[in-house]
Amino acid sequence: MKIKMKDGSMREASFEEELGRNAFRHTTAHILAQAVKRLYPDTKCAIGPSIADGFYYDFDFTFRFSEENFAEIEAEMKKIVKENLQLRHFTLDRNRAMQAMEEREEPYKIELIQDLPEEEISFYQQGEYLEMCAGPHVAYTSAIKAFKLLSVAGAYWRGDEKNKMLTRVYGTSFPKEEMLAEHLNRLEEAKKRDHRKLGKELGIFALLDEGPGFPFFLPKGMVLKNILIDYWRKLHAREGYVEIATPVMLERKLWETSGHWDHYRDNMYTTVIDGADFAIKPMSCPGGMLVYQMEPRSYREFPMRISELGLIHRNEKSGTLHGLMRVRCCTQDDAHIFMTPEQIQDEIKGVVRLIDEVYSHFGFRYHVELSTRPENAIGSDADWEMATNGLRNALDDLKLPYVVNEGDGAFYGPKIDFHLEDSIGRTWQCGTIQLDFQLPQRFEAEYIGEDGNKHRPIMIHRVVFGSIERFIGILIEHFAGKFPLWIAPVQIKVLPISDKYIDHAKGIMRALQQEGLRCEMDGRDEKIGYKIRTAQLEKIPYMLIVGEKETETDSVSVRKREEGDLGRMGVSQLLDMLRAEGI
RNA sequence: GCUGGAAUAGCGCAGUCGGUAGCGCAACUGAUUCGUAAUCAGUAGGUCGAGGGUUCGAGUCCCUUUUCCAGCUCCA
């Protein structure tokens with residue numbers, strides 16, 4: 001494909017390359033806008049970029065727009081493609097650009113021009129349609145062979161909730177019909193992995209009207225949660241952490257000292273006890289500080305790694321809740337590390353390695369972001385710079401690629417975030433490492449240094465899972481509910497062929513339970529095919545079929561979730577096989 | 001929180017023009033005793049999310065509200 005760049009030059013790029021794909025989708029967005037203007041000339045256009053899997057365009061319609069309008073627009077878009085319009089690129093100086101947009105009565109474009117620094121403003125024109133746009137674009141509209149409008153939603157003008165809400169139309173496009181069909185199919189498949197659907201089907205968790213955003217963990221979910229916690233405790237003991245638990249609810253004065261009462265008030269649940277204000281903790285750090293403060297501390301204790309599985313509550317806005325991924329109450333696998341300035345680099349690196357070990361263990365791919373000072377920050381510029389550099393240097397030392405998120409840090413310090421992907425490619429922050437100079441200062445924390453003088457410790461907040469709830473959500477989608485043996489809530493189901501073999505089946509089940517395996521039996525009066533079907537739908541890793549032959553020879557027929565029938569074997573042979581897989 | 005959509009049996013869904021709620025699976029009972037993804041028959045199950053209104057009559061129309069879904073904003 002030929003691509004027309006902003007500077008007027010032409011480049012060759014295929015759809016497989018980001019440049020080509022973005023130009024392709026971006027051009028489709030222009031075709032959408034052109035069709036909309038033809039059909040509903042009073043509509044005002046805002047912006048229409050390409051995104052990961054397609055494109056969108058924000059419009060200000062004069063009527064109630066809905067998906068029912070899609071057919072009409074898609075028909076008009078097809079016409080525009082067929083007309084094979086050339087995309088002409090040119091620039092206008094600020095005055096003429098302004099004039100052109102005023103003539104066309106495009107108030108959003110005018111606002112954009114006012115904020116643009118350039119003197120020469122880039123435009124693309126296709127047929128009668130003129131768009132102020134930095135491009136790049138494909139050369140002719142006929143390149144867009146396959147496209148589809150997907151959904152419509154509200155979006156604030158310039159992403160600011162104080163601004164007017166516009167109507168965003170999402171769509172996608174491909175050079176071939178088959179590619180579009182394949183993409184739509186993939187979206188359907190992804191929906192089947194949705195942790196909210198699977199979490200319900202597999203009996204892992206529930207969200208009820210009585211507790212919006214407060215998940216109920218069902219027996220199988222609790223098994224999963226406890227396995228993750230066991231794994232986590234083992235790792236942290238190995239890494240030299242000590243574990244504490246601090247109260248869920250603490251007095252207002254503590255939150256005033258920590259700064260949360262001023263900076264996090266809207267998100268905290270509060271109550272009154274004996275006339276005093278209390279807040280349910282939205283994070284565990286202030287409680288952790290109190291533990292640090294209980295005794296005089298020495299540099300000899302450093303680095304002091306104190307972990308806590310903290311049950312935290314945050315009053316998240318109703319519209320932001322999302323299954324287990326975004327909840328109002330969750331368990332953070334928190335830890336606070338107190339140290340000397342010299343220990344910063346090594347400690348951060350240690351935590352990064354730990355997080356990498358855990359994510360790799362589950363087979364996750366992740367990306368790292370460094371978030372810098374936000375607007376509502378507390379603390380001096382110098383502290384922020386030192387803290388930010390500390391994180392940056394550690395990442396550079398480890399040669400870990402990362403993107404910088406300007407202004408996205410916590411109010412008390414910068415952070416490194418680890419993001420994991422869900423089934424449809426949305427990413428969720430899980431692990432985070434935050435360097436904090438503020439809290440030790442606010443609590444006037446101290447330690448006695450080698451020189452015998454008092455010093456202020458440096459503090460790291462860090463989580464590996466992030467929230468265990470969110471991590472479980474990611475796990476469900478990552479494995480599509482087919483958990484590996486070691487975390488499967490039910491590892492084995494024994495299926496007697498008829499009730500004549502129930503006694504033998506029960507014996508097998510008990511023997512495996514004695515070995516610490518999570519094992520159930522399906523003793524219903526059903527045919528074996530039906531029991532297998534049920535167990536497969538429950539996504540249980542191993543099924544043991546027990547009938548006449550097995551009872552006579554004291555064996556089991558093993559069926560594996562993915563591979564099917566593995567043949568007959570004795571229980572000890574089965575155990576060897578399971579141990580080799582990891583249980 | 002904002003914009004738009006949705007809510008009917010445990011789950012997945014149908015319900016026409018406003019006329020007294022149905023299907024499949026699951027559950028339960030009985031028959032069946034079976035070899036790697038659904039045996040057959042029967043039974044029971046619903047203040048149609050909640051509250052108000054219009055009407056002779058509301059699952060259906062109107063208002064309020066709760067929750068969920070998509071996106072925005074915000075965030076682990």
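Since this is a predicted model, take the numbers as computed values, not measurements. Residue numbers start from 1 in every chain, and the chains themselves are labelled A, B, ... in the order their sequence lines are given, proteins ahead of strands.
Remark: A:Lys225 qualifies as a cation-pi partner of A:Phe217 under the 6.0 Å distance and 45° angle criteria applied to the six-membered ring.
In this structure, A:His461 reaches neither bases nor backbone, as no heavy-atom distance under 4.0 Å exists between it and the strands shown. Residue A:Ser151 is classed as having no contact, given no heavy-atom separation below 4.0 Å to the nucleic acid. Across all strands shown, A:Arg470 has heavy atoms under 4.0 Å from base atoms, whether or not it also approaches the sugar-phosphate. Across all strands, A:Thr534 comes closer than 4.0 Å to no nucleic acid atom at all (heavy-atom distances). A:Met325 comes within contact range of at least one nucleobase, with a heavy-atom separation under 4.0 Å. Residue contacts shown for A:Gln429 are limited to sugar-phosphate atoms, with no base heavy atom under 4.0 Å away. Heavy atoms of A:Gly159 sit under 4.0 angstrom from primed sugar atoms or phosphate atoms, though from no base atom. Note on A:Val152: nothing from the nucleic acid sits closer than 4.0 angstrom, heavy atoms only. Looking at heavy-atom distances under 4.0 Å, A:Lys415 makes contact with sugar-phosphate atoms alone, never a base. Residue A:Glu210 is out of contact with every strand shown, counting any heavy-atom pair closer than 4.0 Å. Here A:Arg524 lies in heavy-atom contact (under 4.0 Å) with sugar-phosphate atoms only. Looking at heavy-atom distances under 4.0 Å, A:Lys531 makes no contact with the nucleic acid at all.
No donor-acceptor contact under 3.5 Å links the side chain of A:Asp209 to the base of B:rU66. Between the side chain of A:Arg328 and the base of B:rC75, no donor-acceptor pair under 3.5 Å is found. A donor-acceptor contact under 3.5 Å is formed by the side chain of A:Ser557 with the base of B:rG35.
For A:Thr320, taking side-chain heavy atoms from C-beta onward, the closest of the listed nucleotides B:rU39, B:rC74, B:rU36 is B:rC74. Checked against B:rA76, B:rG4, B:rC74, the side chain of A:Arg314 finds its nearest nucleotide in B:rA76. Across B:rG4, B:rC2, B:rA26, the shortest atom-to-atom separation from the side chain of A:Tyr156 is found for B:rC2. The nucleotide whose nearest atom lies closest to any side-chain atom of A:Arg559 is, among B:rG35, B:rA37, B:rG71, B:rA37.
Remark: RNA chain B forms stems of 3 or more consecutive Watson-Crick or G-U wobble pairs, all pair distances under 3.5 Å, at B:1-7 with B:66-72, B:10-13 with B:22-25, B:27-31 with B:39-43, B:49-53 with B:61-65.
Between A:Glu106 and A:Lys109 no salt bridge is recorded (no basic side-chain N to carboxylate O distance below 4.0 Å).
For A:Tyr170, the ring-ring contact (aromatic ring centres under 6.0 Å, His included) partners two or more places apart in sequence, or in a different chain, are A:Tyr56.
Atom CD1 of A:Ile545 and atom C1' of B:rC34 are 13 Å apart (whole Å).
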